[in-house]
Protein chains: 2
Amino acid sequence: MTQDAIERSTFGFRPLYMQVRDVMMSRLIDGIWKPGTIIPSEIDLAREMDVSQGTVRKALDSMTAENLLVRRQGRGTFVAEMEESNILFQFFRLESDATSGSKNFPESQVVSVSSRNANEFEMSSLKAEVGEKIWHVERRRLLDGQAVVVESIFAKESSFPALGDTAPMPNNLYRLYSETYGKTIAKADEKLKAINANANDAKHLNCEQGTALLLIERIGFGLNGEPLELRLSRCLTANFHYRNTLR
Amino acid sequence: MTQDAIERSTFGFRPLYMQVRDVMMSRLIDGIWKPGTIIPSEIDLAREMDVSQGTVRKALDSMTAENLLVRRQGRGTFVAEMEESNILFQFFRLESDATSGSKNFPESQVVSVSSRNANEFEMSSLKAEVGEKIWHVERRRLLDGQAVVVESIFAKESSFPALGDTAPMPNNLYRLYSETYGKTIAKADEKLKAINANANDAKHLNCEQGTALLLIERIGFGLNGEPLELRLSRCLTANFHYRNTLR
DNA sequence: GAGTGGTCTAGACCACGGT
DNA sequence: CCGTGGTCTAGACCACTCC
């Protein structure tokens with residue numbers, strides 16, 4: 001970044017470290033810095049952008065706080081990966097009621113993969129156009145060997161071409177999005193409700209119709225804020241719960 | 001803080017800004033700095049503790065990130081309060097499905113207040129001794145005029161003496177804990193499940209028995225990490241949902 | 001204008017991981 | 001030993017609020 005590129009008018013004031021952050025964000029979005037790889041050291045970045053090391057540090061810290069980067073003292077700064085171990089605490093919040101239960105990544109069984117025109121709800125959730133094609137993946141997820149979740153996943157074909165041809169469909173879809181399509185889920189908004197199991201739920205989860213289920217409606221957003229995936233998870237919480245921490 | 005008070009051995013190394021933070025945390029815990037009041041400026045704190053302003057700033061920033069302090073440019077740094085407007089985004093996550101619905105603080109109707117010996121679950125949740133007396137408050141909460149939540153609240157008498165004599169029982173209990181007892185809820189862990197409504201739920205929530213409800217089991221912790229309150233909320237989510245954001 | 005928090009810099013030294 | 005991120009300092013200037 002040259003001095004000329006730095007805007008400093010009171011009118012559209014944006015702190016220097018935010019401008020540095022913007023540059024680094026665009027490198028993530030454009031795939032110049034790929035998940036799992038190391039990025040240049042603070043000193044190199046400071047030299048390159050003609051800014052002090054402390055300013056680069058502040059930008060790096062803000063991105064680390066959002067789990068976009070991982071810093072390791074003595075080694076360097078790395079782009080965060082969609083690893084099971086990371087994702088387990090970040091995006092997968094179901095865990096066993098048993099205190100002894102170590103957290104495992106859920107096994108997935110794909111029920112169906114199809115494509116059709118977006119309906120109203122999908123259009124508004126994914127910012128899709130009228131008549132736009134949408135992938136629909138249905139799957140069942142098992143935890144500790146028990147069928148626990150029935151899941152419907154929706155994503156635009158334009159975002160993930162040929163997604164439906166992926167075989168086998170991997171367990172960890174977020175990693176597929178990131179590694180194959182260069183689209184990283186950076187944030188997700190969820191709405192939780194309690195619902196009564198229907199016939200399909202009862203069949204897949206091996207429970208009675210009417211059993212209370214936890215419905216999680218999640219929209220996953222990319223690094224640039226674009227909605228990428230809509231996911232409706234129907235969870236049997238007899239032996240499991242959704243954990244959350246409030247501060 | 002004098003130079004002598006600073007421990008710097010490699011063995012039990014603790015960064016200076018964390019030591020500064022510890023001092024400031026103890027002032028919150030001891031009630032020397034009360035919610036809503038202003039605390040000394042960065043410069044004054046730095047002088048008093050004999051460290052640089054930047055070190056104080058780092059300690060203040062970490063506490064601001066945890067919603068313990070609020071910083072206002074040009075005015076000063078304040079101790080966070082348990083205000084409705086704050087608490088709505090921090091600790092109350094139920095909101096109307098209607099997009100137009102502005103968020104309101106729920107109205108509460110107390111059903112009963114009693115005291116009895118702690119059972120196993122309450123003992124482990126609240127770190128209570130065998131036979132220790134526990135307050136039990138039952139209440140119903142209304143949102144937009146609809147009965148939405150049936151709530152059981154448990155807290156140790158030793159933590160909140162004469163809590164049961166409070167009349168009227170206020171709508172915002174966390175503020176009562178903070179203002180009357182000097183015990184601020186700084187963090188809460190939640191476990192969410194879906195359950196089927198029982199006869200009591202059906203009566204209070206005006207729904208059928210068996211209707212799916214969202215059960216929220218929350219433990220609220222004080223500034224020093226001590227568990228202060230156990231709360232079991234049974235929520236009718238036909239027209240409402242629990243919102244969450246994952247990063 | 002005085003005082004607060006917010007940004008930015010330059011430089012020093014420490015802790016950690018690998019060579 | 002070197003290079004990395006982590007801590008700490010001192011000082012400058014900017015943006016905001018209130019008097």
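Computed from heavy atoms alone, side chains included, the values below leave out hydrogens, waters and symmetry copies. Just so it is clear, the model here is predicted, and its values are computed rather than measured. Letters go in sequence order (proteins before strands), and every chain restarts at 1.
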Peer 1: Does R57(A) contact dG6(D) through a side-chain donor or acceptor facing the base, at a distance under 3.5 Å?
Peer 2: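 Checked by distance alone, the answer is yes.
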Peer 1: Do R71(B)'s NZ or CZ and the ring of F78(B) fall within the cation-pi criteria of under 6.0 Å and 45°?
Peer 2: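 Judged by the rule, R71(B) and F78(B) form no cation-pi pair.
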Peer 1: Counting only side-chain nitrogens and oxygens, does T77(B) get under 4.0 Å of the OP1 or OP2 atom of dT4(C)?
Peer 2: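 So the side chain of T77(B) is outside the cut-off, no N or O lying under 4.0 Å from OP1 or OP2 of dT4(C).
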Peer 1: CZ of R72(B) versus P of dC16(D): gap in Å, rounded?
Peer 2: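 Spelled out: CZ on R72(B) to P on dC16(D) is 16 Å.
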Peer 1: Quick one: I43(A) CD1 to dT9(C) C1', roughly how many Å, whole number?
Peer 2: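 Answer to the nearest Å: 14 Å.
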Peer 1: Please state how far atom CG in D61(B) lies from atom C1' in dG6(D), giving the value in whole angstrom units.
Peer 2: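 Taking atom C1' of dG6(D) as the reference, CG of D61(B) is at 16 Å.
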Peer 1: Between F78(A) (CZ) and dG3(D) (C1'), how many Å, whole number?
Peer 2: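 Rounded to the whole Å, the gap is 13 Å.
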Peer 1: Would you kindly give the CG-to-C1' distance between D50(B) and dA10(D), to the nearest whole Å?
Peer 2: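 After rounding, the reported distance stands at 14 Å.
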Peer 1: With distance as the sole criterion, is a donor-acceptor pair present between the side chains of E107(A) and N171(A) under 3.5 Å?
Peer 2: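 Their side chains do not contain a donor-acceptor pair, so the 3.5 Å distance test is not met.
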Peer 1: As a test of reading the structure: which of dT4(C), dA10(C), dA15(D) is closest to the side chain of S41(B), going by heavy atoms?
Peer 2: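 The answer is dT4(C).
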Peer 1: Where the side chain of L16(A) is concerned, which of dC8(C), dC16(C), dT9(D) is the nearest nucleotide?
Peer 2: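 Nearest to the side chain of L16(A) among the choices is dC8(C).
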Peer 1: Using whole Å, what does the distance between atom P of nucleotide dT9(D) and atom CZ of R47(B) come to?
Peer 2: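 R47(B) atom CZ is separated from dT9(D) atom P by 15 Å.
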Peer 1: Of the nucleotides dG5(D), dC8(D), dT17(D), which one has an atom closest to the side chain of R75(B)?
Peer 2: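 That would be dT17(D).
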Peer 1: Just the rounded figure in Å: distance from C1' of dG3(D) to CG of D44(A).
Peer 2: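 Rounded to the whole Å, the gap is 10 Å.
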Peer 1: Closest to the E42(A) side chain: dT9(D), dG5(C), dG6(D)?
Peer 2: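 Selected nucleotide: dG6(D).
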Peer 1: Starting from P on dA12(C), measure out to CD on Q53(A) and report it in whole angstrom.
Peer 2: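 So the two atoms are 13 Å apart, to the nearest Å.
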Peer 1: Looking at T55(A), does any N or O in its side chain come under 4.0 Å of the phosphate oxygens OP1/OP2 on dT7(C)?
Peer 2: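 For T55(A), the contact criterion (side-chain N or O under 4.0 Å from OP1 or OP2 of dT7(C)) is not met.
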Peer 1: Can you check whether K58(A) has a side-chain N or O nearer than 4.0 Å to OP1 or OP2 of dC8(C)?
Peer 2: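 False: K58(A) side-chain N/O out of range (4.0 Å or more) of dC8(C) OP1/OP2.
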Peer 1: What nucleotide among dA15(D), dA10(C), dT9(D) has an atom nearest to a side-chain atom of S52(A)?
Peer 2: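 The answer is dA10(C), which lies nearest to the side chain.
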Peer 1: Are T77(B) and I38(B) side-chain neighbours, meaning at least one heavy-atom pair lies under 4.5 Å?
Peer 2: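 With C-beta onward as the side chain, the pair stays apart.
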Peer 1: By nearest atom, which of the nucleotides dT7(D), dG5(C), dG5(D) is closest to the Q73(A) side chain?
Peer 2: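 Comparing dT7(D), dG5(C), dG5(D) against the side chain of Q73(A), the answer is dG5(D).
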Peer 1: Measure the shortest side-chain to side-chain distance between K183(B) and E226(B) over non-hydrogen atoms and say whether it is less than 4.5 angstrom.
Peer 2: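 A side-chain contact exists here, since the closest heavy-atom pair is under 4.5 Å.
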Peer 1: In terms of ring plane angle, is the pair F92(B) and F105(B) parallel, tilted or perpendicular, where the classes change at 30° and 60°?
Peer 2: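 Because their plane-to-plane angle lies in the 30° to 60° range, the rings of F92(B) and F105(B) count as tilted.
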